[in-house]
Protein chains: 2
Amino acid sequence: MRDELRERGLRLTPQRELVLTAVRALGHATPEDIAEYIHRTHPSINLSTVYRNLETLENVGLVLHTHLGHGGATYHAAEEVNHLHLVCGKCGSVGEAPIETAATFVNALADDYGFKTDVTHFAVYGKCTKCSEES
Amino acid sequence: MRDELRERGLRLTPQRELVLTAVRALGHATPEDIAEYIHRTHPSINLSTVYRNLETLENVGLVLHTHLGHGGATYHAAEEVNHLHLVCGKCGSVGEAPIETAATFVNALADDYGFKTDVTHFAVYGKCTKCSEES
DNA sequence: CGCTAAACGCAAATCACTTGCAATTCGCGC
DNA sequence: GCGCGAATTGCAAGTGATTTGCGTTTAGCG
Ligand SMILES: [Mn+2]
Ligand SMILES: [Mn+2]
Ligand SMILES: [Zn+2]
Ligand SMILES: [Zn+2]
């Protein structure tokens with residue numbers, strides 16, 4: 001981490017480290033979630049510092065964000081984004097599936113449109129098993 | 001339209017009709033786009049009325065929204081959502097592809113997870129041909 | 001025509017970030 | 001270790017998008 005940062009003239013501050021730790025601990029976390037988590041041990045960290053560090057860490061490639069719902073983004077540690085998100089529009093549950101599930105789809109888009117798909121950035125939206133049975 | 005609404009005790013107001021017309025005319029439109037479009041002929045319609053009617057029309061099933069970028073939603077006429085959106089994260093361009101491109105993917109999720117995918121709600125995110133060549 | 005509930009316009013409020021700025025602190029150089 | 005300048009922080013104010021409260025208007029059924 002230190003090296004990733006120094007290369008670009010960036011510093012490793014305690015706050016920055018805390019944000020990365022929180023992202024790694026939480027998975028699928030909103031900036032607010034992350035701030036709250038850090039506040040438990042370090043109440044003085046500011047929400048704007050969380051936002052700024054998420055941006056920096058994302059530029060450096062240590063974290064990245066995905067969109068799971070209608071609203072804001074959630075953050076992941078970069079190593080850990082190795083699955084699709086299956087979001088149920090009815091109950092809000094977030095399931096996971098291996099990225100390979102999308103392999104033929106991704107290849108089709110690459111072959112037919114030259115489009116290089118990142119299947120993790122947006123969730124896969126739909127209805128989960130439970131909610132399909134009910135209605 | 002009138003019938004779809006009456007069934008639920010809803011009214012067909014001029015504003016409501018204008019919103020639907022605008023959505024049909026524009027495709028991929030933000031609430032702001034829609035308000036602006038209507039303002040050209042009916043300057044007095046309020047932005048909050050546009051928001052409220054988009055919600056109502058979506059409940060009734062006449063329009064629906066999709067997420068094309070990091071931010072807010074864009075609205076479509078329901079009949080017209082018969083394609084995938086290919087959003088380039090670099091240049092922001094929005095391409096289209098037939099839904100069938102995702103058929104095997106959708107089937108795999110249904111078979112393996114009982115998950116019923118709506119491939120149009122979120123865009124497909126990635127890098128377009130042009131932007132792949134450059135970098 | 002009248003009534004009443006639904007819908008409207010308007011202004012204020014909320015939400016999710018973002019930004020300006022003065023004070024602090026990291027990290028390289030001595 | 002010490003000093004310095006640039007990067008970073010905390011705080012407060014500012015945005016932009018969407019929502020809500022409320023008094024007024026109006027669609028639609030008698
Ligand atoms: Mn949505
Ligand atoms: Mn995004
Ligand atoms: Zn569900
Ligand atoms: Zn592009």
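- A:I34 places its CD1 atom 14 Å from the C1' atom of C:dC17, with the value rounded to the nearest Å.
- For C:dA7, its base never sits under 3.5 Å from the side chain of B:R11 at any donor and acceptor pair.
- No hydrogens or angles considered: nothing links the side chains of A:T30 and A:T74 as a donor-acceptor pair under 3.5 Å.
- The pair A:R24-A:E80 fails the salt-bridge criterion, with no side-chain N (NZ, NE, NH1 or NH2) lying under 4.0 Å from an Asp/Glu carboxylate O.
- Using modelled atom types, one side-chain atom of A:R8 and one backbone atom of A:N59 make a donor-acceptor pair closer than 3.5 Å.
- Rounded to whole Å, the distance from CD on A:E36 to P on C:dA16 is 13 Å.
- For the pair B:L5 CG and D:dC29 P, the computed distance is 12 Å after rounding to whole Å.
- Regarding B:E17, its CD atom lies at a distance of 12 Å from the P atom of C:dC8, rounded to whole Å.
- Listed by residue number, the members of residues 44-76 of chain A with any heavy atom below 4.0 angstrom from DNA chain C are A:S48, A:Y51, A:R52, A:G72.
- Protein atom CG of A:L10 is 10 Å distant from nucleotide atom P of D:dT9, rounded to whole Å.
- A close approach under 4.0 Å does occur between a side-chain nitrogen or oxygen of B:T13 and OP1 or OP2 of C:dC8.
- Checking B:H67 against A:H67 by side-chain atom types alone, no donor-acceptor pair falls below 3.5 Å.
- A:E96 and A:H85 share no donor-acceptor pair across their side chains, judged by distance under 3.5 Å alone.
- A ring-centre distance under 6.0 Å is found for A:H121 and B:H70.
- Ring to ring, A:H83 and A:H76 are close: their centroids are under 6.0 angstrom apart.
- Residue pairs meeting the ring pair (Phe, Tyr, Trp, His ring centres under 6.0 Å) criterion with at least one member in residues 87-116 of chain B, sequence neighbours excluded: A:F105-B:F105.
- Note on B:Q15: a side-chain N or O is less than 4.0 Å away from OP1 or OP2 of C:dG9.
- A side-chain donor-acceptor contact under 3.5 Å links A:T104 and B:T104.
- Using five terminal pairs a side, the axes of the helix from C:dC1-D:dG30 to C:dC30-D:dG1 at its two ends make an angle of 30°, given in steps of 10 degrees.
- Atom CE in A:M1 sits roughly 15 Å away from atom C1' in C:dG27 (whole-Å rounding).
- Whole-Å rounding puts the B:E32 CD to D:dT19 P distance at 13 Å.
- Rounded to an integer number of Å, the gap from B:R6 CZ to C:dA6 C1' is 14 Å.
- In this model, no side-chain donor or acceptor of B:R16 finds a partner on the base of C:dA7 within 3.5 Å.
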